[in-house]
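A quick write-up on the structure given underneath.
If you're wondering where the values come from, they're calculated on a predicted model, not measured in any experiment. Counting begins at 1 with the first residue of the sequence.
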Amino acid sequence: MSQELKAINIDVKSETTFKERLWVIIPVVLLVGLISTLVYNHYAEFSWDGFIAGFNQEFLIFFCIGVFAQLVDGTLGMGYGATSTSFLLAYGIPPAISSTGVHVAEMFTTGASAISHHRFGNINKKLVRHLLIPGVLGSIAGAYLLSDVIDGDAIKPFIAVYMIALAIIIIRKAMQKNIIKKKTKRLNILASFGGFMDSVGGGGWGPIVTSTLLGNGRNPRYTIGSVNAAEFAVSFASGITFMIFGGIQGWQVIIGLILGGVIAAPIAAILVNKIKRKPMMILVGVLIIVLSLKTLSKLL
């Protein structure tokens, strides 16, 4: 009898271990497949001379943007798209290239972030499952509209205004004092809207989804880790959609954001419980407003 119980326990443990490993295996397999596809389809663009020439001052700027944006996103659970898009638009990168670059880069950075948060036990798997499919569908719809229907230059001022609105949401959430815990209703609608606005605006998944969940009194650690894990699938879906309908442009932007973000992801996962959220959120919000106002001043 005892031997049968031991055998059952071993089977249960092995099944649990395999399920746990899937949280790491799936992102790794998808990322390896993506890298292989990109290299196969665009190998002619990756000459050694072009590779060396790409490491210039502009690349360093995009790399620094990637590091800063991922530190913000990994510690606050929001702000990667808003921060990086605001910087890129202020630097003069067109909206379509900015959004494509941010989302292709996020396919890697959110994968690294999801693995890091899983490693440090920051994920609520039930919450991830609720956010996953609606978020993916919303992001695909938004990416398709921006890449094949909407004129990126025409909506650039609206994106800047949208970024200011996201920044105000971030600051407002930071200023809330007594948060009463309540059940979040219609998670699927929240995730769909967050995914859609994230694709169209180049950011918004975190400020919309994370800030709503935190505003309802959810545990910051598991909320941030879970939303970051779901964001991997959302970013992957929008990135693939951008690649299918709009192609890939701005390799220097993409590589800079990827390298900066992947390096910063594990650092952010460690800092998530150590950094003071309120001053950081206010600082990020103010920074996004300043960058967006700079973008608007160039257009008006």
Review point. Is the Phe232 to Phe236 ring centre distance short of 6.0 Å?
Key: yes

Practice item. May I ask whether Leu190 and Ile133 are part of the same hydrophobic cluster, defined by side-chain heavy atoms of I, L, V, M, F, W, Y residues being less than 4.5 angstrom apart, directly or through others? Key: no

Review point. Could you give the distance from CE (Met197) to OG (Ser139), rounded to the nearest 0.5 Å?
Key: 13.5 Å

Point to revise | Ile240 with Val104, same ILVMFWY side-chain cluster at under 4.5 Å | key: yes

Exercise for review: Provide the closest heavy-atom pair for Ser84 versus Ala69 in the form atom of the first, atom of the second, distance.
Suggested key: CB-CB, 4.0 Å

Check your understanding: Leu187 versus Leu213: any side-chain heavy-atom pair under 4.5 Å?
Key -> yes

Check your understanding: If Ile, Leu, Val, Met, Phe, Trp and Tyr residues are connected whenever their side-chain heavy atoms lie under 4.5 Å apart, and connections chain through other members, are Val128 and Val136 in the same group?
Key -> no

Review point. Counting distance only, does the side-chain N/O of Trp205 pair as donor-acceptor with the main-chain N or O of Val227 below 3.5 Å?
Key: yes

Review point. Taking C-beta and beyond as the side chain, do Ile255 and Phe63 meet within less than 4.5 Å on heavy atoms?
Key: no

Review point. Step by step, would you call Tyr80 with Leu71 a side chain to side chain contact (heavy atoms under 4.5 Å, CB included)?
Key: CA-CA 8 Å; Tyr80 182 91; Leu71 285 175; over 6 Å; no

**Study point:** Shortest non-hydrogen contact between Val209 and Ala191, atoms and distance
**Key:** CG2-CA, 4.5 Å

Practice item. Please answer whether the main-chain N or O of Gly225 pairs with a side-chain N or O of Asn122 as donor and acceptor at a distance below 3.5 Å. Key: no

Review point. Would you say Ile282 and Ile168 are hydrophobically clustered, going by side-chain heavy atoms of ILVMFWY under 4.5 Å?
Key: yes

Check your understanding: If every non-hydrogen atom of Ala105 is compared with every non-hydrogen atom of Ile254, which pair is closest and at what distance?
Key -> CB-O, 4.1 Å

Check your understanding: Does any non-hydrogen side-chain atom of Lys125 lie less than 4.5 Å from one of Ile123?
Key -> yes

Check your understanding: With the 4.5 Å side-chain cut-off for hydrophobic clustering, are Ile189 and Phe196 part of the same group?
Key -> no

Check your understanding: Taking atom OG of Ser86 and atom CG of Leu293, what is their separation to the nearest 0.5 Å?
Key -> 10.0 Å

Review point. Which heavy atom in Asn124 sits nearest to a heavy atom in Ser226, and how many Å separate them?
Key: N-OG, 2.7 Å

Check your understanding: How long is the span from the CG atom in Leu257 to the CZ atom in Phe62, to the nearest 0.5 Å?
Key -> 8.0 Å

Exercise for review: Please indicate whether Tyr162 has more than 12 foreign heavy atoms, meaning atoms of other residues, nucleotides or ligands, lying under 6.0 Å from its OH.
Suggested key: yes

Check your understanding: Are side-chain heavy atoms of Leu127 and Tyr222 found at a separation under 4.5 Å?
Key -> no

Study note, to complete from the structure: Distance col, row Gln70:CD vs Ile263:CD1, nearest 0.5 angstrom, shows 11.5 Å

Check your understanding: Do other residues, nucleotides or ligands put more than 12 heavy atoms under 6.0 Å from the OH atom of Tyr91?
Key -> yes

Exercise for review: Determine whether Leu89 and Ile93 make a side-chain contact, defined as any pair of heavy atoms from C-beta on separated by less than 4.5 Å.
Suggested key: no

Review point. Just by modelled atom types, is the Ile289 backbone N or O under 3.5 Å from a matching donor or acceptor in the Ser292 side chain?
Key: no

Review point. How many angstroms lie between CG in Leu145 and OG1 in Thr241, if you round to the nearest 0.5 Å?
Key: 10.5 Å

Practice item. Any chance you could measure Asp198, atom CG, to Glu231, atom CD, to the nearest 0.5 Å? Key: 6.0 Å

Point to revise | Student check: side-chain heavy atoms of Phe68 and Thr83 closer than 4.5 Å | key: yes

Point to revise | Non-hydrogen side-chain atoms of Asn188 and His130 separated by less than 4.5 Å | key: no

